[in-house]
Engineer: 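This is the structure I want to talk about, given as structure tokens.
Just so it is clear, the structure is predicted and the values come from calculations on it, not from any experiment. Sequential numbering from 1 along the given sequence is applied to the chain's residues.
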Amino acid sequence: MTTQNLAANAETTAKPGETLLSVENMKMYFPVTSGLFLQRKVADVKAVDGLTFDVKRGETLGLVGESGCGKSTTGRAILQLHRPTEGKVNFDGTELTEIKGADLRRFRRRMQMIFQDPFSSLNPRMSVAQIISEPLAIHGLYKGAERKERLDYILEAVGLNPTFAKRYPHEFSGGQRQRIGIGRALAVEPDFIVCDEPVSALDVSIQAQVINLLEDLQGEFGLTYLFIAHDLSVVKHISDRIAVMYLGHIVELAESNELYNNPVHAYTRALLSAIPIPDPRIERTRERIILEGDVPSPLNPPKGCVFRTRCTKGAGCKCSDTVPVLTEVSTGHYVANCECCMAA
């Protein structure tokens, strides 16, 4: 396949609205061991604890939450960079947790990742041409003159001059490095890309450029994104649906506008109240929700509802025995409710 036919081919094969990725009760526990010589497991860090959600082909699902809630681990577990402790990850009809080796490697061509830090995610000893060409070589794509043509095409697609191909990462700004990382992910013609906080390390002015680039590439190549971030204003701009995550659990999932206009879970309301509003008159009058205490450790999360220790209902909490499940409260709007974390 030539690079000129790539965009047209992506549009032909993509079927928007169908489920591309289905995650069911996925758990990712990291063992904690003790002992100098005889290592024995004494506990588990429950980074991801029973996630269930779908991603439609051609959409962007935003995944938001505080640092340490398990967002990045979720993305890595979906791509099988971490093998899930439990649960299912079905990608386009194939159960990824049941395949390995060469079979999994072939699927990795269709699933790529854009990393958070553009400074540490690129090999400083490799030129731009080597960085973007490496995945092509691994998957046996485009040889000789076609590979050079593909390289130039990718660089132009991400907004870089093809003459930059012989330069090294240290010669670029942060935004340009992130464009190189996007090009590396795009090179092997993926269907699904995990964007792991791709703009959090960039200046605000550059963030908008990268977000707009991701949206343009999605339309051109028919891409599907899982967009991980903690900046709710960024997520609102790019996402079709948003999942709010807290301590390894999804507590609310809805379409972008629905979530911002009608947040139901107390944690979601607290997050939204922290977004600054440019109008000082509105900013002075709106309610600011301050959560008490710190996020509990995933090594020893609260029993029952994981949010109950910080819930604004306080001592009235009665949900220490049952873990709330996502329940549809309106069309396409799901909330993990319990007595204490149900919004007033």
Engineer: Ignoring hydrogens and angles, tell me if any N or O in the side chain of Arg177 forms a donor-acceptor pair with the backbone of Pro169 under 3.5 Å.
Structural biologist: yes
Engineer: If you count the non-hydrogen atoms of other residues, nucleotides and ligands that lie under 6.0 Å from CD in Glu255, is the total more than 12?
Structural biologist: no
Engineer: Taking the side chain as every heavy atom from C-beta outward, state whether Asn337 and Val329 have any atom pair closer than 4.5 Å.
Structural biologist: yes
Engineer: Does Glu98 reach the main-chain N or O of Glu95 with its side chain, forming a donor-acceptor pair under 3.5 Å?
Structural biologist: no
Engineer: Do Glu258 and Ser330 have side chains that approach each other closer than 4.5 Å (heavy atoms only, starting at C-beta)?
Structural biologist: yes
Engineer: Quick one: are Glu189 and Arg150 in side-chain contact, heavy atoms under 4.5 Å?
Structural biologist: yes
Engineer: Could you measure the distance from the CG atom of Asn25 to the OG1 atom of Thr52? Nearest 0.5 Å is fine.
Structural biologist: 5.5 Å
Engineer: Can you tell me how far OH of Tyr246 sits from SG of Cys305, rounded to the nearest 0.5 angstrom?
Structural biologist: 8.5 Å
Engineer: Hey, any chance Val32 and Leu247 share a hydrophobic cluster, counting ILVMFWY side chains that come within less than 4.5 Å of each other, even indirectly?
Structural biologist: no
Engineer: Shortest non-hydrogen contact from Ser256 to Lys236?
Structural biologist: OG-O, 3.5 Å
Engineer: Specify the closest pair of heavy atoms between Leu272 and Leu232, including all atoms of both residues, with the distance to one decimal.
Structural biologist: N-CD1, 4.1 Å
Engineer: Is there a side-chain contact between Met26 and Glu86 in this structure, where contact means two heavy atoms from C-beta onward sitting under 4.5 Å apart?
Structural biologist: no
Engineer: Closest approach of Pro118 and Ala201, non-hydrogen atoms and distance?
Structural biologist: CD-CB, 4.0 Å
Engineer: Before you tell me yes or no, could you show the steps for Asp240 and Lys56 under salt bridge (Lys or Arg N to Asp or Glu O under 4.0 Å), namely the whole-Å CA-CA distance, both residues' side-chain angles and the distance that decides it to 0.1 Å?
Structural biologist: CA-CA 10 Å; Asp240 299 298; Lys56 306 296 183 183; over 6 Å; no
Engineer: Could you walk me through whether Thr73 and His82 pass the side chain to side chain contact (heavy atoms under 4.5 Å, CB included) test, one step at a time?
Structural biologist: CA-CA 8 Å; Thr73 301; His82 296 316; 4.3 Å; yes
Engineer: Which value, rounded to the nearest 0.5 Å, describes the distance between Gln116 atom CD and Gln178 atom CD?
Structural biologist: 9.5 Å
Engineer: What is the ring orientation for Phe91 with Phe192, classed by angle as parallel under 30°, tilted 30 to 60°, or perpendicular over 60°?
Structural biologist: tilted
Engineer: Is there a side chain to side chain contact (heavy atoms under 4.5 Å, CB included) between Val188 and Leu136 once you walk through the steps?
Structural biologist: CA-CA 6 Å; Val188 292; Leu136 298 177; 4.3 Å; yes
Engineer: Are Glu197 and His230 close enough that a side-chain donor and a side-chain acceptor fall under 3.5 Å?
Structural biologist: yes
Engineer: So Pro302 and Arg308, do their side chains get closer than 4.5 Å, heavy atoms only?
Structural biologist: yes
Engineer: Out of curiosity, does Val199 fall in the hydrophobic cluster containing Ile228 (side-chain heavy atoms, cut-off under 4.5 Å, transitive links)?
Structural biologist: no
Engineer: Evaluate the ring-ring contact (aromatic ring centres under 6.0 Å, His included) criterion for residues Phe307 and His265: first the C-alpha distance (whole Å), next the side-chain angles of each, then the deciding distance (0.1 Å), finally the verdict.
Structural biologist: CA-CA 10 Å; Phe307 186 62; His265 197 280; 5.5 Å; yes
Engineer: What verdict does the side chain to side chain contact (heavy atoms under 4.5 Å, CB included) test give for Asp191 and Met111, after you've listed the backbone C-alpha separation in whole Å, the side-chain angles of each residue and the deciding distance to 0.1 Å?
Structural biologist: CA-CA 6 Å; Asp191 297 315; Met111 307 178 298; over 6 Å; no
Engineer: Is the backbone N or O of Pro190 less than 3.5 Å from a side-chain atom of Arg109, with the two atoms forming a donor-acceptor pair by type?
Structural biologist: no
Engineer: Are Val23 and Val48 connected into the same hydrophobic cluster when the rule is that any two of I, L, V, M, F, W, Y join if their side-chain heavy atoms are below 4.5 Å apart?
Structural biologist: yes
Engineer: Take Gln112 and Val194, measure what side chain to side chain contact (heavy atoms under 4.5 Å, CB included) needs, and give me the verdict at the end.
Structural biologist: CA-CA 6 Å; Gln112 290 294 304; Val194 174; over 6 Å; no
Engineer: Specify the closest pair of heavy atoms between Asn161 and Leu155, including all atoms of both residues, with the distance to one decimal.
Structural biologist: O-CD1, 4.2 Å
Engineer: Which one of Leu213, Ile238, Thr60 satisfies the side-chain contact (heavy atoms from CB on, under 4.5 Å) criterion with Gln218?
Structural biologist: Thr60
Engineer: Quick check on the hydrophobic clustering: are Met28 and Leu299 connected, directly or via other members, by side-chain heavy-atom contacts under 4.5 Å?
Structural biologist: yes
Engineer: Atom CG in Asp49, atom CE in Met245: separation rounded to 0.5 Å?
Structural biologist: 9.0 Å
Engineer: Tell me if a side-chain donor or acceptor on Ser127 pairs with a main-chain N or O of Lys166 at a distance below 3.5 Å.
Structural biologist: no
Engineer: Closest heavy-atom contact between Asp54 and Leu61?
Structural biologist: O-CD2, 4.1 Å
Engineer: Starting at CG of Leu291, measure out to CD1 of Ile289 and round the result to the nearest 0.5 Å.
Structural biologist: 7.5 Å
Engineer: Flag the pair Asp44 / Phe30 as yes when at least one side-chain heavy-atom distance between them is below 4.5 Å, and no otherwise.
Structural biologist: no
Engineer: Below 4.5 Å, heavy atoms only, C-beta onward: do Val55 and Thr19 meet side chain to side chain?
Structural biologist: no
Engineer: Same cluster or not: are Ile132 and Leu186 linked, directly or through other Ile, Leu, Val, Met, Phe, Trp or Tyr residues, by side-chain heavy atoms under 4.5 angstrom apart?
Structural biologist: yes
Engineer: With a 3.5 Å cut-off and no angle check, do the side chains of Ser205 and Asp203 form a donor-acceptor pair?
Structural biologist: no
Engineer: Measure across Leu223 and Leu217 and return the closest heavy-atom pair with its distance rounded to 0.1 Å.
Structural biologist: CD1-O, 3.8 Å
Engineer: Students often mix this up, so state it plainly: with edges at 30° and 60°, are the rings of His170 and Tyr168 parallel, tilted or perpendicular?
Structural biologist: parallel
Engineer: Quick one: are Met113 and Leu81 in side-chain contact, heavy atoms under 4.5 Å?
Structural biologist: yes
Engineer: Quick check on Lys88: does its NZ atom have over 12 non-hydrogen neighbours (other residues, nucleotides or ligands) under 6.0 Å away?
Structural biologist: no
Engineer: Is there a donor-acceptor contact under 3.5 Å linking the side chains of Ser297 and Asn300?
Structural biologist: no
Engineer: May I ask you to check whether Glu66 and Tyr267 show a side-chain donor-acceptor distance below 3.5 Å?
Structural biologist: yes
Engineer: Does atom CZ (Arg105) have a neighbourhood of more than 12 heavy atoms from anything else shown, all under 6.0 Å?
Structural biologist: no
Engineer: For Ile99, is there any backbone N or O sitting under 3.5 Å from a side-chain donor or acceptor partner on Asp103?
Structural biologist: no
Engineer: Is the count of non-hydrogen atoms from other residues, nucleotides or ligands lying under 6.0 Å from Asp294 atom CG greater than 12?
Structural biologist: no
Engineer: Quick one: CZ on Phe172 to CZ on Phe164, what's the gap to the nearest 0.5 Å?
Structural biologist: 6.0 Å
Engineer: Distance-only, no hydrogens or angles: does the Arg57 side chain make a donor-acceptor pair with backbone N or O of Leu20 under 3.5 Å?
Structural biologist: no
